[in-house]
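Indexing begins at 1, ligand by ligand and atom by atom, following the structure's order.
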Amino acid sequence: MARIIDGKQLSAQVLKQVAADVEALKAELGTTPGLAVVLVGEDPASHVYVRNKVRQAGEAGIRSIEHRLSADISQTTLNELVESLNNDPDVHGILVQLPLPDHLDEAEIISAIDPAKDVDGFHPLNVGALAAAQPGLIPCTPLGCMIMLQQVHEDLSGKNAVVIGRSNIVGKPMAALLLQASCTVTIAHSRTKDIEAVCREADILVAAVGRPEMVKADWVKPGATVIDVGINAIERDGKRKLVGDVDFADVEPVAGAITPVPGGVGPMTIACLMKNTVTAARAQLSETHPAAAVGQS
Ligand code: GUN
């Protein structure tokens, strides 16, 4: 039976540390980290994610500022909002929930965010910093996956890692982090030939494709660590259910360790958003208060 990597428990540990860091910032500098969350339109999943992010921010002692905008907002108005958040000294982190409605240019909005406040780590400057192993803000889901992997593996060096999915949000930054940890990294995707055989080579298998229960037992090397990033709503036996990209019941007996859905990567993503917000706040404050840099982790 595989070891279950409990994202709920681990995220609670991360959030406890974040709350302590927030308290330290308040005590040292009298500043409460602020996170601005921008939600455009009525996408139901995005509303759930944003609600959870705002709730967790409150629990960690972070001040969150919500901006809910109608689906027909113009690019100019959204750009202006981002610009005003960039210039607001009480805002240390800016998150624009994706996806945006089709008429809005996501790349343009992401590039408009001040890279120092880009707690999603999606700005091209942060993307480049990660690729070049320079300091920067790291996307929350891959960061959470790395913390989960560290629970199982003291050293990832030399392991075969396969990431299924090549998105900017998860697949590509995940591969960069695994490479930084000295794994031999393969990115598999919809055009990969004999994807099952590629995945069977993996000591570390990360599934981030958004295809319900795609990864089956015969895709997994016995004893491998399986990280399931997928959160897919399906109907089974007339009931709505959340499942991952991994067929958990099928794979769990083969894997050495596995993350569940729900209760795996999801809570870690939100905890890492709070971690990034405190990191961003401390970095910004250290520019005007050099002593703030001392507590930087
Ligand atoms: N949509 C799905 N995942 C994410 C994320 O990590 N950040 C943002 N901003 N939008 C998302």
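At the top of the distance list for atom 1 (N) of ligand 1, counting protein heavy atoms only, stands Leu98 O, 2.9 Å. Among protein heavy atoms, atom 11 (C) of ligand 1 sits closest to Gln97 NE2, 3.4 Å. Asp120 OD2, 3.4 Å is the protein heavy atom nearest to atom 8 (C) of ligand 1.
Comment: Arg3 does not engage Glu252 in a salt bridge, judged by the lack of any side-chain N to carboxylate O separation of less than 4.0 angstrom. Between Arg282 and Glu287, none of the side-chain N atoms (NZ, or NE/NH1/NH2) sits under 4.0 Å from a carboxylate O, so this pair counts as no salt bridge.
Distances from ligand 1 to the non-hydrogen atoms of Tyr49 include no value under 4.0 Å.
Sorted by first and then second residue, the salt bridge (Lys or Arg N to Asp or Glu O under 4.0 Å) pairs involving residues 67-85 (not counting sequence neighbours) are Glu66-Arg68. For residues 184-212, the pairs satisfying salt bridge (Lys or Arg N to Asp or Glu O under 4.0 Å) are Asp203-Lys221, with sequence neighbours left out.
Considering backbone and side-chain N/O of Val96, one or more are found under 3.5 Å from N/O of ligand 1.
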key: Evaluation steps, salt bridge (charged side-chain N to carboxylate O under 4.0 Å, His left out), between Glu235 and Lys239   = CA-CA 5 Å; Glu235 263 210 23; Lys239 286 196 196 121; over 6 Å; no

